[in-house]
Amino acid sequence: MARYWLLKSEPYKYGWDDLIAEGEGVWDGVRNHRAKNNLAAMEVGDEAFFYHSREGLEIVGICEVSVAGITDPTDPDGKWAAVKVKPKTKFPTPVTLKQIKADPELADCELVKLSRLSVAEITPDEWLTICAMAGL
DNA sequence: GCCAACGTTGGC
DNA sequence: GCCAACGTTGGC
């Protein structure tokens with residue numbers, strides 16, 4: 001069963017444009033257990049929103065997990081998880097955090113409630129709602 | 001730049 | 001094993 005996710009990144013470190021330029025990106029550097037659990041639960045073909053934190057504060061597009069269940073190459077102990085993602089769809093209209101917070105259907109999502117979580121799970125309902133807001 | 005929320009660390 | 005202190009993250 002495919003699940004949905006949200007990946008946060010600071011655009012000045014690694015933004016949507018960087019992912020496009022590379023074609024495929026390794027999602028590593030996660031040092032939070034809950035985020036790690038989410039990473040470890042991802043499967044090839046799962047889709048994830050790409051969210052710009054600190055700057056922009058909006059979901060800019062959708063990427064797809066291309067390789068799942070790898071160990072973080074930046075972790076010398078090999079304890080942390082990582083995945084590879086490929087860009088899939090750029091949103092016609094980015095969905096801002098403000099819009100998400102303003103929508104009662106989305107007010108409970110991990111992104112809003114756990115603002116410091118860098119890898120969050122998105123329910124199918126939330127997924128559809130956000131896609132609709134993005135103009136897809 | 002500030003501060004709230006969360007995670008981690010270390011003393012007991 | 002508890003909890004206070006500290007560091008980091010991320011929205012504002």
Side-chain angles (χ1 to χ4, degrees):
Chain A
M1 238 276 287
R3 294 210 265 172
Y4 298 109
W5 310 97
L6 180 137
L7 297 170
K8 267 195 205 181
S9 185
E10 294 154 9
Y12 52 86
K13 281 190 193 159
Y14 193 89
W16 175 262
D17 291 340
D18 297 310
L19 184 61
I20 294 285
E22 285 188 19
E24 183 178 49
V26 182
W27 212 268
D28 56 19
V30 170
R31 293 295 181 270
N32 171 289
H33 289 286
R34 181 147 186 179
K36 185 213 145 183
N37 288 343
N38 284 339
L39 277 178
M42 289 186 192
E43 292 173 9
V44 173
D46 282 1
E47 292 177 297
F49 290 133
F50 195 111
Y51 174 79
H52 282 171
S53 65
R54 309 291 304 256
E55 285 178 15
L57 303 184
E58 58 193 13
I59 300 171
V60 290
I62 297 170
C63 53
E64 181 180 333
V65 177
S66 53
V67 182
I70 57 180
T71 50
D72 188 337
T74 67
D75 173 22
D77 297 328
K79 286 188 299 189
W80 295 95
V83 295
K84 288 188 184 181
V85 294
K86 286 192 289 196
K88 189 169 187 184
T89 311
K90 182 171 186 174
F91 278 179
T93 312
V95 177
T96 65
L97 183 65
K98 220 178 202 174
Q99 287 176 272
I100 292 168
K101 284 186 164 178
D103 190 320
E105 280 189 57
L106 301 174
D108 285 338
C109 67
E110 285 192 339
L111 172 67
V112 174
K113 294 219 295 197
L114 301 170
S115 67
R116 290 185 51 200
L117 189 64
S118 56
V119 183
E121 184 168 10
I122 299 282
T123 69
D125 283 348
E126 289 162 357
W127 182 269
L128 292 174
T129 304
I130 291 171
C131 283
M133 290 166 84
L136 293 177

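Everything numeric in this text was worked out from a predicted model, so none of it was measured.
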**OP:** Take the protein atom NZ of A:K13 and the nucleotide atom P of C:dT8, then report the distance between them rounded to whole Å.
**Re:** 12 Å
Subject >> Residue A:E55 excluded, over 12 heavy atoms near CD under 6.0 Å >> reply: yes
Original post:
To the nearest Å, how far apart are A:K113 NZ and B:dA4 C1'?
Top reply: 17 Å
Original post:
So, is A:Y12 close to the C:dG10 phosphate, meaning a side-chain N or O under 4.0 Å from OP1 or OP2?
Top reply: no
Subject >> Gap between atoms CD and P, on A:E110 and C:dG11 respectively (whole Å) >> reply: 15 Å
Original post:
Can the ring centroids of A:Y4 and A:F49 be said to lie less than 6.0 angstrom from one another?
Top reply: no
Original post:
Ignoring hydrogens and angles, does a donor from either the side chain of A:R116 or the base of C:dG10 sit under 3.5 Å from an acceptor on the other?
Top reply: no
Original post:
What is the distance from CD1 of A:I59 to P of C:dG10, rounded to the nearest Å?
Top reply: 15 Å
Original post:
Hey, does A:L117 reach any base, or is it just sugar-phosphate, or nothing, if we go heavy atoms under 4.0 Å?
Top reply: nothing
Original post:
Yes or no on side chain to side chain donor-acceptor pair (under 3.5 Å) for A:D125 and A:T123, after CA distance, side-chain angles and deciding distance?
Top reply: CA-CA 5 Å; A:D125 283 348; A:T123 69; 5.4 Å; no
Original post:
Counting any heavy atom closer than 4.0 Å, what does A:K101 reach on the DNA or RNA strands: base, sugar-phosphate only, or nothing?
Top reply: sugar-phosphate
Original post:
Are any side-chain N or O atoms of A:D46 and backbone N or O atoms of A:R3, one a donor and one an acceptor, separated by less than 3.5 Å?
Top reply: yes
Subject >> Interatomic distance where CZ belongs to A:R34 and C1' belongs to C:dT8 [whole Å] >> reply: 18 Å
**OP:** Mind calculating the distance between CG (A:L114) and P (C:dT9) to the nearest angstrom?
**Re:** 16 Å
Original post:
More 5' along DNA chain B: A:H33 or A:S115, using each one's nearest nucleotide?
Top reply: A:S115
Subject >> Interatomic distance where CG belongs to A:L97 and P belongs to C:dT9 [whole Å] >> reply: 18 Å
Original post:
Between atom NZ in A:K8 and atom P in C:dT9, what is the gap in whole Å?
Top reply: 12 Å
